[in-house]
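Beneath this line is the structure, given in structure tokens, with notes to follow.
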Amino acid sequence: MIKNYFNLLRVPQWIKNFFVFAPLVFSKHLFDIHYVIPSLQGFIIFCLVSSIVYILNDIIDIEADRAHPKKKFRPIPSGAVSKATAIILGVILFVIMIASLYFIGNSNYTIVVLSYFILNAFYSMSFKHIVLLDIFSIAAGFMLRVISGAVIISVPISSWLILTTMFLSLYLGVMKRYSELEIVPNGGSVTSTRKVLTHYSPVFTQQMATIAAAGVIICYALYTVTPRTVTEFGTDNLIYTTPFVVFGIFRYMYLTYINQKGENTTEIMLTDAAMISNVFLYIIITTLIIYKIII
């Protein structure tokens, strides 16, 4: 029973909400408890709202998920958790989220969180069926995570960092569509799993992924060498973290195109040893550079 609710809330997917901490790290407040606590609060609330969105999406997609080779095992389509129970749980979590937002008392953060919820509600009901708008909606969700992390601790955020987040989330969204196209059973119809896939093709998604990947690398590299960044951190050594970004992009392409594992981003991030090591090294070295532990 606990495992069913664990899967219903998509707890492993909470890893995506770590984007909330990006402004904390890059604003040089990682070791300041007065900034860490609000960031943690923001992270927890985003975990709540993301779980609410997943429940809503699963309720709407019951029939489509039952036709999917993997999603049919999710708690609601498999019958492990009833639709009524899922609705009740979603309402309870929504009330907790609203109470938490009221407790924090940050109106700007509240606006961002509610915007994220509304965006994903529209995504679940409509946007995910509209070509391109589906992946841009996913990208907007990641951007709102980063923006929320900045507004909850009242720090400015670089436009280059926002652009990097946008291209990265577009890249992940496109790669997910490519993987979904690849796992359609022989003789099966893409409309039985996700209707919008009829507007995509493997070649088209590969081309978009290439453009998005280039955008990630270029925007991040430019962010590391802009005068504002160099002045803020007192060094231009952040450019040396770019190879980790490039490796991560290429590794994800390898896992998607060669090993066909790109449908579940979270699974890759939590199970692929090379990706885990790369992310770990990036975080460590970036922190050492930003906080001048090494020059």
Side-chain angles (χ1 to χ4, degrees), residues 15-43 46 106 108-109 112 136 138-173 209-253 265 269 274-295:
I15 191 175
K16 298 175 183 177
N17 297 323
F18 277 96
F19 276 84
V20 171
F21 294 116
L24 176 69
V25 174
F26 288 99
S27 64
K28 299 197 299 185
H29 293 300
L30 181 59
F31 303 110
D32 189 333
I33 193 66
H34 299 293
Y35 288 86
V36 172
I37 291 178
S39 292
L40 285 172
Q41 293 173 333
F43 171 78
F46 245 94
N106 187 319
N108 290 329
Y109 179 75
V112 176
F136 273 90
I138 295 173
F142 279 92
M143 292 170 67
L144 286 172
R145 286 179 172 94
V146 175
I147 293 171
S148 74
V151 298
I152 200 168
I153 59 176
S154 301
V155 297
I157 185 168
S158 169
S159 299
W160 286 113
L161 205 54
I162 291 292
L163 287 173
T164 301
T165 302
M166 182 191 74
F167 279 113
L168 177 60
S169 49
L170 283 174
Y171 169 76
L172 295 175
T210 300
I211 294 171
V216 174
I217 296 169
I218 292 171
C219 287
Y220 182 80
L222 289 174
Y223 165 71
T224 65
V225 297
T226 56
R228 174 182 172 182
T229 301
V230 175
T231 301
E232 179 70 20
F233 299 145
T235 178
D236 58 1
N237 286 343
L238 197 62
I239 187 66
Y240 297 116
T241 62
T242 304
F244 294 103
V245 175
V246 178
F247 177 86
I249 293 294
F250 289 172
R251 179 66 182 177
Y252 199 93
M253 281 185 170
T265 305
M269 299 303 296
M275 188 68 79
I276 293 172
S277 300
N278 185 63
V279 171
F280 178 76
L281 288 173
Y282 169 79
I283 292 174
I284 294 298
I285 294 176
T286 299
T287 302
L288 292 175
I289 292 174
I290 291 176
Y291 293 87
K292 296 183 179 180
I293 299 175
I294 61 174
I295 303 299

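Computed from a prediction, not measured in an experiment: that's the story for all the values here. These values consider heavy atoms only, across backbone and side chains, with no hydrogens, waters or symmetry-generated copies.
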Sort out for me which residue in Thr287, Leu281, Leu288, Thr286 forms a side chain to side chain contact (heavy atoms under 4.5 Å, CB included) with Ile284.
Leu288
Restricting to non-hydrogen atoms, name the atom on Ile153 and the atom on Pro38 that form the minimum distance, rounded to 0.1 Å.
CG2-CB, 4.0 Å
Interatomic spacing from CD1 in Ile138 to CE in Met143 - rounded to 0.5 Å:
14.0 Å
Please work out which of the three classes, parallel, tilted or perpendicular, describes the rings of Phe26 and Phe233, given edges at 30° and 60°.
tilted
Could you tell me whether a side-chain N or O of Thr231 sits under 3.5 Å from a main-chain N or O of Arg228, the two making a donor and an acceptor?
no
Looking just at side-chain N and O atoms, do Tyr35 and Ser27 make a donor-acceptor pair shorter than 3.5 Å?
no
Supply the atom-to-atom distance Asn108 CG to Ser148 OG, rounded to the nearest 0.5 angstrom.
11.5 Å
Are any of the side-chain heavy atoms of Met253 and Tyr171 separated by less than 4.5 Å?
yes
With the side chain counted from C-beta on, respond yes when Ile217 and Phe167 share a heavy-atom pair under 4.5 Å apart, and no when they do not.
no
Should Lys292 and Thr235 count as side-chain neighbours, where that means a heavy-atom distance under 4.5 Å?
no
Measure the spacing between CD1 of Ile290 and CD1 of Ile285 and express it to the nearest 0.5 Å.
12.0 Å
Answer yes or no: is there a side-chain heavy-atom contact under 4.5 Å between Phe21 and Leu24?
yes
State, yes or no, whether a side-chain contact exists between His34 and His29 at a heavy-atom distance under 4.5 Å.
no
Side chains of Thr241 and Ile289: does their closest heavy-atom pair fall under 4.5 Å?
yes
Report yes or no: does Asn278 contribute a side-chain atom to a donor-acceptor pair with the main-chain N or O of Phe247 at less than 3.5 Å?
no
Any side-chain heavy-atom pair from Tyr223 and Leu238 closer than 4.5 angstrom?
yes
Could you tell me the separation between the CD1 atom of Ile249 and the CG atom of Leu172, rounded to the nearest 0.5 Å?
7.0 Å
One should read off an interatomic distance between Ile152 CD1 and Ile147 CD1, to the nearest 0.5 angstrom, of 14.0 Å
Pro23 versus Ala150, closest heavy-atom pair with distance:
CG-N, 3.4 Å
Do Thr242 and Val246 have side chains that get closer than 4.5 Å, going by heavy atoms?
yes
Work out which heavy atom in Val225 is nearest to a heavy atom in Ile239; give both atom names and the distance.
CG1-CD1, 3.8 Å
Go through it in stages, so that I can follow the logic: the residues are Ile283 and Val279, the test is side-chain contact (heavy atoms from CB on, under 4.5 Å), and I'd like the CA-CA distance, side-chain angles, deciding distance and then a yes or no.
CA-CA 6 Å; Ile283 292 174; Val279 171; 3.8 Å; yes
Between Ser169 (side chain) and Thr165 (backbone), is there a donor-acceptor pair under 3.5 Å?
yes
For Lys28 and Glu232, the nearest pair of non-hydrogen atoms, with its separation, is NZ-O, 2.8 Å
In terms of the angle between their ring planes, are Phe18 and Phe43 parallel, tilted or perpendicular, with boundaries placed at 30° and 60°?
tilted
Sub-3.5 Å donor-acceptor pair from the side chain of Tyr291 to the main-chain atoms of Val25, do we have one?
yes
Between atom CG of Asn17 and atom CZ of Phe142, what is the distance when rounded to the nearest 0.5 Å?
8.5 Å
